[in-house]
Number of protein chains: 2
Amino acid sequence: MSQPSSAPATSGPRARTRRAILDAAVSTLSKDVSASLGEIAKVAGVGRTTMHRYFPERSDLLIALTADADEHVNAAYERARLADGPASAALSRLCQELFELGETLQLLFNNPQLLTGTPWENDSESDPELVQLFERGRADGTLDPELDVDWAQQVFWALLYAAWMHALDSCVPKHTVLNQCLRTLTKTFGNADQGS
Amino acid sequence: MSQPSSAPATSGPRARTRRAILDAAVSTLSKDVSASLGEIAKVAGVGRTTMHRYFPERSDLLIALTADADEHVNAAYERARLADGPASAALSRLCQELFELGETLQLLFNNPQLLTGTPWENDSESDPELVQLFERGRADGTLDPELDVDWAQQVFWALLYAAWMHALDSCVPKHTVLNQCLRTLTKTFGNADQGS
DNA sequence: CAAATCTGGAACATCAGTGTTCCATTGAGA
DNA sequence: TCTCAATGGAACACTGATGTTCCAGATTTG
């Protein structure tokens, strides 16, 4: 057989091809979830046959895609250091980090069924880390205590998605959009009684 | 032929069947744009053959769907009487009216290519009525003058979508979600310097 | 160089969705 | 009751996506 070895190496030609396919899949599927494997292969600059060697079935690709996206999201969460400083600042940092995910963000927002998180009874929402952050914000007085936590999560993701979409189809540069988003975020979630 | 007469009557069995198909299409496609015609027909309680009599091709159904959705959106805009009273109140009224569109809202948000609006160079945003409303809000001092109009539009729709999604997968009753949304809307778009 | 590996194109069977035709049944109105 | 529009099921051809196999060329490695 001419199967690429199953070693999960992080370098070498196999890993590079795998990366190219995953990236192309994110890019393509974020615009159209029902895009064909042929289109993805073309975007990846790879033959359809080769793609089938790395991901025998479409579902295999989707699973790998999900794992990869989750990894990126988790990395963003870690970089944001949600436990440091005032909750409002942590929320802003998280927003910046997630905004950088770009197409991955778009893909996840439009296909929440991909998000694994924790499979128990979690149909689409309630991210423990976000919940904790909002509760901390209520405690330290930097986030609006009147906001329902579930609703706040929904709005947070929607704002993020809105920012990415706006960056896509307005000619405004990304960093400007991000700044608009951060100001809106602060205004929307900040505690009006306290400073910011 | 057993084609339903082409008269665009608003009553009678033909209109009723047509309505049932359009409603089923909105409901089904809002959850999955690539749903098959068979599924739509089943939801509509109609044979696939009958559906092909009303909408010969998939594209015909999509066109009719778009027209129907646009009609509902326009009706919501009219009911909101955007020109009456302070701009902030008008924005709240519009939010309430659009929220009632439910699945139609969801479908349009996820498939902005459906929105006709005005086909010239309008790829996905810039609704003249909304622009005018935000500008009026800047003039009468009830809406935040620092918000970019295009960004504000994007956030407005995202907020609306977030509310509908939250209504779908949280067990909170719709009117509660709507109230949360309206409060967030006021906080996000209101002019902090002035009352509300 | 020689062997092993990786690649991509071609050909193929399969399958689901689509669009069409035909026909038997239903139901409302003349 | 008779008629005719409307319906829905069955059967069919067609298409595009999918998954598989085979092979020849390219690249890497010994």
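Residue numbering restarts at 1 for every chain, and letters A, B, ... go by the order of the sequence lines.
Whole-Å rounding puts the A:K42 NZ to D:dG16 P distance at 14 Å. Look at CZ on B:R53: it is 11 Å from P on C:dT21, rounded to the nearest Å. Rounded to an integer number of Å, the gap from A:R18 CZ to C:dT7 P is 13 Å. Note: OH (A:Y54) to P (C:dT5) measures 14 Å, nearest angstrom. As a whole-Å value, the separation of A:M51 CE from C:dC6 C1' is 16 Å.
The heavy-atom pair separating A:G137 from A:A87 by the smallest distance is CA-CB, 3.3 Å. Nearest heavy atom pair, residue A:Q96 against residue A:L182, reads CG-CD1, 3.7 Å. Minimum interatomic distance between B:A163 and A:W151 (heavy atoms only, all atoms of both residues): CA-CZ3, 3.5 Å. Closest approach of B:Y161 to B:Q106, counting heavy atoms only: CE1-CG, 4.0 Å. For A:L133 against A:L82, the heavy-atom pair with the smallest separation is CD1-O, 3.8 Å. Annotation for B:I21 and B:A44: closest pair CA-CB, 4.0 Å, computed over non-hydrogen atoms.
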Candidate pair B:T184 and B:K187, rule side chain to side chain contact (heavy atoms under 4.5 Å, CB included), full reasoning: CA-CA 5 Å; B:T184 299; B:K187 189 176 176 190; 5.7 Å; no

Short heteroatom pairs, N/O only, protein and nucleotides 24-29 of chain C, under 3.5 Å:
none

Sub-3.5 Å pairs of nitrogen or oxygen atoms, protein against nucleotides 18-20 of chain D:
unit_1 : atom_1 : unit_2 : atom_2 : d
D:dT18 : OP1    : A:R58  : NE     : 3.0
D:dT18 : OP1    : A:R58  : NH2    : 3.4
D:dT18 : OP2    : A:L37  : N      : 2.7
D:dG19 : OP2    : A:R58  : N      : 3.4
D:dG19 : N7     : A:R48  : NH1    : 3.2
D:dG19 : O6     : A:R48  : NH2    : 3.1

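At D:dA6, none of the side-chain N or O atoms of B:T50 fall inside 4.0 Å of OP1 or OP2 (strictly under the cut-off).
For residues 61-88 of chain A, no pair satisfies ring pair (Phe, Tyr, Trp, His ring centres under 6.0 Å), with sequence neighbours left out.
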